[in-house]
Number of protein chains: 2
Amino acid sequence: MQQDNNNQLEVNERAQHFLKVLIERYIREGQPVGSRTLAKDAGMDLSPATIRNVMSDLEELGLVNSPHTSAGRVPTSSGYRIFVDSLLTIKPLELVEIGQLESQLKTIADPRNLVESASTMLSSMTHMAGVVLMPRHSTIAYRQIEFLPLSGNRVLTILITSEGEVHNKIIETQSGFSPSQLEQAANFLNSQYSGKPLDSIRRLLIGDMEDTQKQMNDLMADAISIANKVFDDSDSSHGDYVLAGQTNLMDFDELSNIENLRTLFDTFAEKSQILHLLDKAMNAEGVQIFIGEESGYDTLGNCSVVTAPYELDNEVAGVLGVIGPTRMAYERVIPIVDITAKLLGSALKHQ
Amino acid sequence: MQQDNNNQLEVNERAQHFLKVLIERYIREGQPVGSRTLAKDAGMDLSPATIRNVMSDLEELGLVNSPHTSAGRVPTSSGYRIFVDSLLTIKPLELVEIGQLESQLKTIADPRNLVESASTMLSSMTHMAGVVLMPRHSTIAYRQIEFLPLSGNRVLTILITSEGEVHNKIIETQSGFSPSQLEQAANFLNSQYSGKPLDSIRRLLIGDMEDTQKQMNDLMADAISIANKVFDDSDSSHGDYVLAGQTNLMDFDELSNIENLRTLFDTFAEKSQILHLLDKAMNAEGVQIFIGEESGYDTLGNCSVVTAPYELDNEVAGVLGVIGPTRMAYERVIPIVDITAKLLGSALKHQ
DNA sequence: AATCAGCACTCTGAGAAGTAGAGTGCCAAT
DNA sequence: ATTGGCACTCTACTTCTCAGAGTGCTGATT
């Protein structure tokens, strides 16, 4: 009845159990698992021959794979998928451990440092690479701007957000401004926009630009034109992430051929792809797992990425996770990522 | 007469010539150089047997080395040393190339971006890793400080230097301050210290602390105690560097065993050792070359580091360089490092 | 005294061949 | 449905051989 059913879900319970045991074993040992071994591990008192039949079925379903005729079986991406989705037994972290992590983060005031610590924590606990997207949430607001004249027509602009983040940028203005002009412009902008959500500023500026043109107030026009430059891509600082422990990845045999490694590290340095991936993960609820090519980036060939969004004021502010070989101890990594996300969220909050 | 002279300098001219040709060949091909090959390359119409005698001498002096009995010779660190010190013929860069580089840097206003571009330039031109120490010079002065209250007793401090660099830091004060108190404190500090060299501020603060204690002015005392926290290790932002193209190093066979690579990359991530090395290089005049273990860090095992300090207002502001395998094309790398240092200096200046 | 041809010697690296071990797939028996 | 048995396959390791490259030394030549 089930023998030539295409539906992937048609994996009977016993086969699932074998798949589970096989993957657990493979994750532990890193070697293809043969029928004899599996027969013992599964603890169901079946002969290797029987196991072989089941394995054959699993292979047909694309859940396991044989590197060559006379090797054991190795899970495929789909196999891992089913494993993490429905077979995995997660073992929660010890309370003591959580306490330790929490107290580590508690002492840190600066958001940047917090993020870096979280990343390091992830990498050192999992022995893989940790990654944390810089926090950003929609309640973030414009607080204050400062202009300082530099030589020529260059102006140093400093933008401070309601969260106490500081962004600075040097812009080139069309004409020179005196210090007092700049101060007035800043005052105008501060009175006008302070408290407004940051992501709406650009829109407001464009609207106000038209209005002021009618009123022909030079000062305001200048102020807005400068502000425009500031907000031009001031968001570029958002969308950054902190990576830690990438060298840990060199220790895994399955990644440790130079070519793989090079493209992998280049991907990290490039940032855009990782950012994209993290962005996807940000909108998901809770822990998410990308296995191998599932991520959509072949440079992450035999890597998995385990992520979890972290919240701040009951709103998703960012996402963090670890990157490691597909063959990782998910049952341990998942709770680590999960708890770190929660701890980072609350550590960021209590400021 | 010269046969058992211990003095390393006692390498006769012909032997030096052979050493030069050997190293040039080895740098090009990456293979141990044998006597036959060298006989042809040297262009002196000598038989391999003669060459062998000379090689034997060079080996005794520790300038070349044989991987095994029947391989050719390979230069040692000392060999490279002599090579770069006195045998190297540097070929200057094309004027066109320099122009291109210059125009690339000219367009960039922000010092941080400039440094990053310089680093990328170095790495992409040499196909090795580029590194640039963030600029800092003694003429840098305190310009302005701002305090912004955050929740609790936490205060966001923003320090602006005369060069338009912005440093921000969150500090925790002993007691809460009102915004107006903070503003007054900032005003006091700005009136007091603006224009003073940054590296003298700490000393001034300590001196003033005693004075104010006598006068018992609360405001000033508060201001100074806050400022003390700001300057506590605000310098930590100094002493950072920007690294680019580290993955380039994966392409060199001589480095491409995973273990080497891992320790090397860890060294980069650690930063302290590289900083130390760059610090040494900063005080040197012009291009400096560290070959292999000479650097004093065995993690840089078979790497060389070529550095040059760059100036700003006729004063050394930082140092930049490239890191690559000992077997690198020095005659090309040296002028690249040299010219990049000069270009970066002038690009930083005209702000 | 410097140079060189000749020769014996050494070491590497690549290929060939053989072998033990692990594991499979299939078939016939239970 | 499960299983023991068996032929078959593939890998990984070892051993062996051999050509090639290069050296060091010696004794002859200039």
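Order of the sequence lines fixes the chain letters, A, B, ..., with proteins taken first and strands second; residue numbering starts at 1 for each chain.
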- Message: Under 4.0 Å, counting only non-hydrogen atoms across every strand here, what does A:Ala71 touch: a base, just sugar-phosphate, or nothing?
- Response: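 Sugar-phosphate contact only.
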Applying a 4.0 Å non-hydrogen cut-off, can you work out what B:Thr69 is touching in the nucleic acid: base, sugar-phosphate, or nothing?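 Answer is sugar-phosphate: B:Thr69 comes under 4.0 Å of backbone atoms only.
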- Task: Scan side-chain atoms only and decide if A:Ser123 and A:Thr120 contain a donor-acceptor pair under the 3.5 Å cut-off.
- Result: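 Short answer, no.
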Note to self: Between A:Thr247 and B:Asp266, is there a side-chain donor-acceptor contact under 3.5 Å, judged purely by atom types and distance?
What the structure shows: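 A donor-acceptor contact under 3.5 Å links the two side chains.
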How long is the line joining [atom1] of [X] and [atom2] of [N], in whole Å?
X       : N      : atom1 : atom2 : answer
B:Arg73 : D:dA21 : CZ    : P     : 18 Å
A:Arg14 : D:dA1  : CZ    : P     : 10 Å
A:Glu13 : D:dA1  : CD    : P     : 18 Å
B:Arg52 : C:dA2  : CZ    : C1'   : 16 Å
A:Ile51 : C:dC26 : CD1   : C1'   : 17 Å

> Among A:Val131, A:Val305, A:Thr126, which one satisfies side chain to side chain contact (heavy atoms under 4.5 Å, CB included) with A:Val322?
Replying inline: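 Among the candidates, only A:Thr126 passes.
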Original post:
Does B:Phe265 have any ring pair (Phe, Tyr, Trp, His ring centres under 6.0 Å) partners at least two apart in sequence or in another chain, and if so, which?
Top reply: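 Listed in chain order: A:Phe265.
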query = Of A:Arg36 and B:Ser70, whose nearest nucleotide on DNA chain C comes first from the 5' end?
reply =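 Mapping each residue to its closest nucleotide by heavy atoms, the 5'-most match is B:Ser70.
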